Amino acid sequence: MPELPEVETTCAGIRPAILNNQISSLVIRNYNFRWPIAPELPVLIQDMKVHEVYRRAKYIVLLLSQGSLILHLGMSGSLRVLDSNIPLKKHDHIDINFIDGTCLRLNDPRRFGAVIYTTEPIDQHKLFQHLGPEPLSQSFDAEYLTSYCRIKNQNIKSVIMNAQIVVGVGNIYANEALFLAGIHPETPAKSLTTKQASELCNQIKLVLITAIKQGGTTLKDFSSPDGKPGYFSQQLKVYGRKGLPCVNCQTLLQEVRIQNRSTVFCAACQRQQSENN
DNA sequence: AACGGCACCTGGTCGC
DNA sequence: TGCGACCAGGTGCCGT
């Protein structure tokens, strides 16, 4: 479910309810996430105040009075802000309760997500220290992307999905950005022209910004913390459209698997390059 | 060192 | 209708 725009939407949705709020209790109904949740976590964060709520890559970070709580939604996680007396749904595994009666409830059917407490500075945490720049930051630009393309023996899709190079570009938006930039996903990164890298960089930013404005992409059952769906799915041009006509040229869209992920493209609009730069 | 593939889970869909 | 096979938005880690 959640790629960067979904996490951003979630972050913005929960912030007003929990910023400067004080945690009264933590209820864990299932400890078995990607990494087992520390049994002492409720004691550790009880009575702490939330001083900041922000996103880094696809992680949501709650900066507390002491230390930070790191949340990751994995493939199927979602957070809702509600009253703590609202009945539980299936897979509601964790409640963070606040003194004003607010409850931040984590639902995650597949439990690929994570809940981690750390007292380290976030950037030094093991999960964060090798992360590349944010795609919407100025440090992610054509020159930067080109420099990585030159040294990687991989196709371009794998490069833009590599979190050490740039964070937050998941499968859906990788597919979309490559289509919008007119680049075949299997193009060797090394053969990208400067112009193509520049176009790709711009389209990655554009598609993410557009999706954030629309509240993310609703596939299956993603919804933001207030329960509203995202509307970006209506604008997907290639993802999930294998065999359907290209929105530009009507050529039937093809699918290949890259790193075992569904990769849909238009063979006419995204031609493999035969000549190098 | 760098890369490809696996693993972690549940649930939805598709074909028989 | 039922059952099994297969697929899904992420990503750290393992083996090669």
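Keep in mind the model is a prediction, meaning the values are calculated, not measured. Atom set for the values below is all heavy atoms of this structure, side chains included, hydrogens, waters and symmetry mates excluded. Chain naming here is simple, since letters A, B, ... match the order of the sequence lines and numbering starts at 1 in each.
- Remark: the A:Arg110 side chain and the B:dC9 base include a donor-acceptor N/O pair separated by less than 3.5 Å.
- The side chain of A:Lys58 approaches C:dT11 more closely than any other nucleotide in the set C:dG9, B:dC9, C:dT11.
- Between A:Gln154 and B:dG4 there is a side-chain polar atom (N or O) within less than 4.0 angstrom of OP1 or OP2.
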In dot-bracket, 5' to 3', how would DNA chain B read with Watson-Crick or G-U wobble pairs under 3.5 Å, [ ] for crossing ones and | for pairs to another strand? .|||||||.|||||||

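- Put simply, CE on A:Met48 and CD on A:Gln66 are 4.5 Å apart, with the number rounded to the nearest 0.5 Å.
- Across the protein-nucleic acid pair, A:Ile258 atom CD1 and C:dC7 atom C1' stand 17 Å apart, rounded to whole Å.
- The listed nucleotides are C:dG10, C:dG12, C:dC13; the one nearest the side chain of A:Tyr59 is C:dG12.
- One atom, CG of A:Asn260, and another, P of B:dC3, lie 18 Å apart when rounded to the nearest Å.
- Nearest to the side-chain atoms of A:Glu3 among the listed nucleotides C:dG9, B:dT10, B:dC3 stands C:dG9.
- Among the protein residues, A:Ser262 comes within range of the sugar-phosphate backbone only, with heavy atoms under 4.0 Å from sugar or phosphate atoms but none that close to a base.
- Under the 3.5 Å distance criterion, with hydrogens and angles disregarded, no donor-acceptor pair is assigned to the side chains of A:Asn107 and A:Ser78.
- A:Lys49 and A:Asn20 form no side-chain donor-acceptor contact under 3.5 Å, judged by distance and modelled atom types alone.
- As rounded to whole Å, 13 Å separates atom P of B:dC14 from atom NZ of A:Lys242.
- Rounding to the nearest 0.5 angstrom, the gap separating the OG atom in A:Ser68 from the CZ atom in A:Phe128 is 8.5 Å.
- Distance check, rounded to the nearest 0.5 Å: CG of A:Leu41 to CD1 of A:Ile96 gives 8.0 Å.
- Between A:Asn171 and C:dA8 there is no side-chain polar atom (N or O) within less than 4.0 angstrom of OP1 or OP2.
- The separation of B:dC9 from C:dC14, taken at their P atoms, amounts to 16 Å, rounded to a whole angstrom.
- Within the model, atoms NZ of A:Lys205 and CD of A:Glu134 stand 10.5 Å from one another, a figure rounded to the nearest 0.5 Å.
- The CD atom of A:Gln259 sits 15 Å away from the P atom of B:dA2 (whole-angstrom rounding).
- Taking only side-chain nitrogens and oxygens, A:His91 comes nearer than 4.0 Å to OP1 or OP2 of B:dG11.
- Separating the P atom of C:dG9 from that of B:dC14 is a span of 16 Å, rounded to the nearest Å.
- Along DNA chain B, the nucleotide closest to A:Lys152 and the one closest to A:Lys90 are compared, and the more 5′ of them pairs with A:Lys152.
- Residue contacts for A:Asp108: at a heavy-atom cut-off of 4.0 Å it reaches no nucleic acid atom on any strand shown.
- Note: CG (A:Asn32) to C1' (B:dC9) measures 9 Å, nearest angstrom.
- When A:Glu186, A:His184, A:Arg257, A:Lys157 are each tested for a side-chain hydrogen bond (donor to acceptor under 3.5 Å, both in side chains) with A:Thr263, only one passes: A:Lys157.
- Of the candidates B:dC9, B:dC3, C:dT11, the closest approach to any side-chain atom of A:Arg111 belongs to B:dC9.
- For A:Phe128 and C:dT11, the CZ to C1' distance is 13 Å, given to the nearest whole Å.
- Comparing C:dG9, B:dC3, C:dG12 by their nearest atom to the side chain of A:Trp35 picks out C:dG12.
- Note that the CG atom of A:Asn97 and the CD atom of A:Gln46 stand 10.5 Å from one another [nearest 0.5 Å].
- Between the P atom of B:dG4 and the CZ atom of A:Arg261 lies a distance of 14 Å, rounded to the nearest Å.
- Taken from CG in A:Leu253 to NZ in A:Lys242, the straight-line distance is 11.0 Å, to the nearest 0.5 Å.
- Nearest to the side-chain atoms of A:Ile172 among the listed nucleotides C:dG9, B:dC3, B:dT10 stands C:dG9.
- Taking atom CD1 on A:Ile37 and atom C1' on B:dC8, their separation rounds to 14 Å, with Å as the unit.
- Dashed line: the shortest gap from a side-chain N or O of A:His72 to OP1 or OP2 of C:dG10 is not under 4.0 Å.
- Distance from the side chain of A:Phe112 is smallest to C:dG10 among B:dG4, C:dG10, C:dC7.
- Look at A:Tyr239 and you won't find any side-chain N or O under 4.0 angstrom from OP1 or OP2 of C:dA8.
- Comparing C:dA8, C:dG9, B:dG11 by their closest approach to the side chain of A:Arg257 singles out C:dA8.
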